[in-house]
Amino acid sequence: MTHTSPTLIIAGSVRSRRICLQIAEWVAAVGRDATNAMFEVVDLKDWPLPMDDEPGIPAAGGDYELEHTRAWSRKIAGAGALVFVTPQYNWGYPAALKNALDHLYTEWAGKPAMIVTYGGHGGGKCADQLRQVCEALHMTLIAQTPGLQLARARIEANSGEIDPATEFASHLGELQRAFDELLAARTNL
C-alpha cells in the first residue's frame, strides 16, 4: 500500500556538535530501504518553538494564536506516522523534544510512532520516558524500540561527526524489524 503522507523522522536534539541529525538521516534511509515508503527528516533546529509561549492550552482544542505553533501543527497533522530519534541525556530525552511535543496535542493522536534512542547504554531510560509522553498524547506506539549503543570514545570525542551505518551496523536488523512493525501499524489504521 502506498501512503501519500510521509513518515516524519524527528531529530530530537538541537545541541551544537550533535550527531542526531546524521543519525536521523541514516534512520530515514534504512526506513526507505526497508519499506519503500516516504520519509522526511524534521530537524527541530528548523522549528523554533519558544518555551511555553503559546497562551492557550493545546489540549483545549488547538486554537493556536502564534504562527510558529500553527505551522508546527500543520507539519505534524500532515504526517502519516512518526519516528523520534533522540539521544539519552542524563537518563532522559532533550528538552527541545519535550517542548515540541508539548506545543501540540490532538495532532499527535492516533499516529503510529516509533522511538529510536542512542547513547552509551543505548538510551533505554530515555525511551521509557518518551514512551510515557507519547502514550499520554494518544500515539500508537510500536513495541520495538531500537536503542543504538554509542562507543565511549565517540561520546568523549564530541566531534559532531559520525558514520551511523558503520557505528550502528550491529543494530541494522533491529531497526529494519521496527520499520516493518511501524509499516504494519500504519497500514492497519
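For Pro55, the side chain to side chain contact (heavy atoms under 4.5 Å, CB included) test picks out Glu65, Leu66, with sequence neighbours left out. Under the side chain to side chain contact (heavy atoms under 4.5 Å, CB included) criterion, Arg15 pairs with Ser13, Arg18, Tyr89, not counting sequence neighbours. Residues satisfying the side chain to side chain contact (heavy atoms under 4.5 Å, CB included) criterion with Glu67, sequence neighbours excluded, are Arg70, Ala71, Arg74. Evaluation of the side chain to side chain contact (heavy atoms under 4.5 Å, CB included) rule for His121 yields no partner, not counting sequence neighbours.
Between the side chain of Thr117 and the backbone N or O of Gly123 there is at least one donor-acceptor pair closer than 3.5 Å. Under a 3.5 Å cut-off, the side chain of Glu107 and the backbone N or O of Tyr105 do form a donor-acceptor pair. For Gln88 (side chain) and Lys125 (main-chain N/O), a donor-acceptor pair under 3.5 Å exists by modelled atom type. The backbone N or O of Gln144 lies less than 3.5 Å from no partner atom in the side chain of Glu174, so there is not a single donor-acceptor pair. A donor-acceptor contact shorter than 3.5 Å links the side chain of Lys111 to the backbone of Ala77. A donor-acceptor pair is defined here as one N or O able to donate and one able to accept, closer than 3.5 Å; such a pair exists between the side chain of Asp43 and the backbone of Lys45.
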For Arg17 and Ser159: C-alpha separation, side-chain torsions, deciding distance, then whether side-chain hydrogen bond (donor to acceptor under 3.5 Å, both in side chains) applies. CA-CA 6 Å; Arg17 284 190 277 183; Ser159 66; over 6 Å; no

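For Leu82 against Thr7, the heavy-atom pair with the smallest separation is N-CG2, 4.2 Å. Taking all atoms of both residues into account, the shortest heavy-atom contact from Leu97 to Gly12 is CB-O, 3.8 Å. Across all their heavy atoms, Pro58 and Asp102 have their closest contact at CG-O, 3.4 Å. Pairing each heavy atom of Ile142 with each of Arg131, the nearest pair is O-NH2, 3.1 Å. The nearest pair of heavy atoms linking Asp63 to Glu54 is O-OE2, 4.5 Å. Of all heavy-atom pairs spanning Val85 and Ile9, the tightest one is CG2-CG2, 3.7 Å.
The shortest side-chain heavy-atom distance between Arg154 and Gln149 does not fall under the 4.5 Å cut-off. Here the side chains of Met114 and Leu141 are not in contact, with every heavy-atom distance at 4.5 Å or above. Contact of the Tyr93 side chain with the Lys98 side chain is registered, since non-hydrogen atoms from C-beta on lie closer than 4.5 Å.
Pairs of residues two or more places apart, or lying in two chains, that qualify as ring-ring contact (aromatic ring centres under 6.0 Å, His included) and include a residue from residues 51-78 are Trp47-Trp72.
When hydrophobic clusters are built by joining Ile, Leu, Val, Met, Phe, Trp and Tyr residues whose side-chain heavy atoms come closer than 4.5 Å, directly or via intermediates, Ile155 is grouped together with Leu148. Leu175 is not connected to Leu183 by any chain of hydrophobic side-chain contacts under 4.5 Å among Ile, Leu, Val, Met, Phe, Trp and Tyr, and they are in different clusters. Val116 and Met139 fall into different hydrophobic clusters, defined by Ile, Leu, Val, Met, Phe, Trp and Tyr side-chain heavy atoms under 4.5 Å apart, directly or through other members. Both Phe168 and Leu182 are assigned to one and the same hydrophobic cluster, defined by single-linkage of ILVMFWY side chains at heavy-atom distances under 4.5 Å.
Considering Val83, Val41, Ile76 as possible partners of Leu8, the one that fulfils the side chain to side chain contact (heavy atoms under 4.5 Å, CB included) test is Ile76.
In the displayed structure, Asn188 atom CG is contacted under 6.0 Å by more than 12 heavy atoms of other residues, nucleotides or ligands. Heavy-atom contacts from other residues, nucleotides or ligands closer than 6.0 Å to CG of Asn90 number 12 or fewer.
Taken from CD1 in Ile10 to OG1 in Thr86, the straight-line distance is 11.0 Å, to the nearest 0.5 Å. Taken from CG in Leu44 to CG in Asn99, the straight-line distance is 9.0 Å, to the nearest 0.5 Å. The CD atom of Gln176 sits 4.0 Å away from the CG atom of Leu172 when rounded to the nearest 0.5 Å. With rounding to the nearest 0.5 angstrom, the CG atom of Leu150 is 4.5 Å from the CD1 atom of Ile19. A distance of 4.5 Å separates SG in Cys134 from CZ in Phe84, rounded to the nearest 0.5 Å.
Under a 4.0 Å N-O distance rule, the pair Arg177/Glu181 does not qualify as a salt bridge.
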Would you list the atom pairs, donor with acceptor, under 3.5 Å between side chains in residues 20-34 and any protein atom, with sequence neighbours excluded?
| residue | atom | partner | partner atom | Å |
| --- | --- | --- | --- | --- |
| Gln22 | OE1 | Ile162 | N | 3.2 |
| Gln22 | NE2 | Gly160 | O | 2.6 |
| Arg32 | NH2 | Phe39 | O | 3.1 |

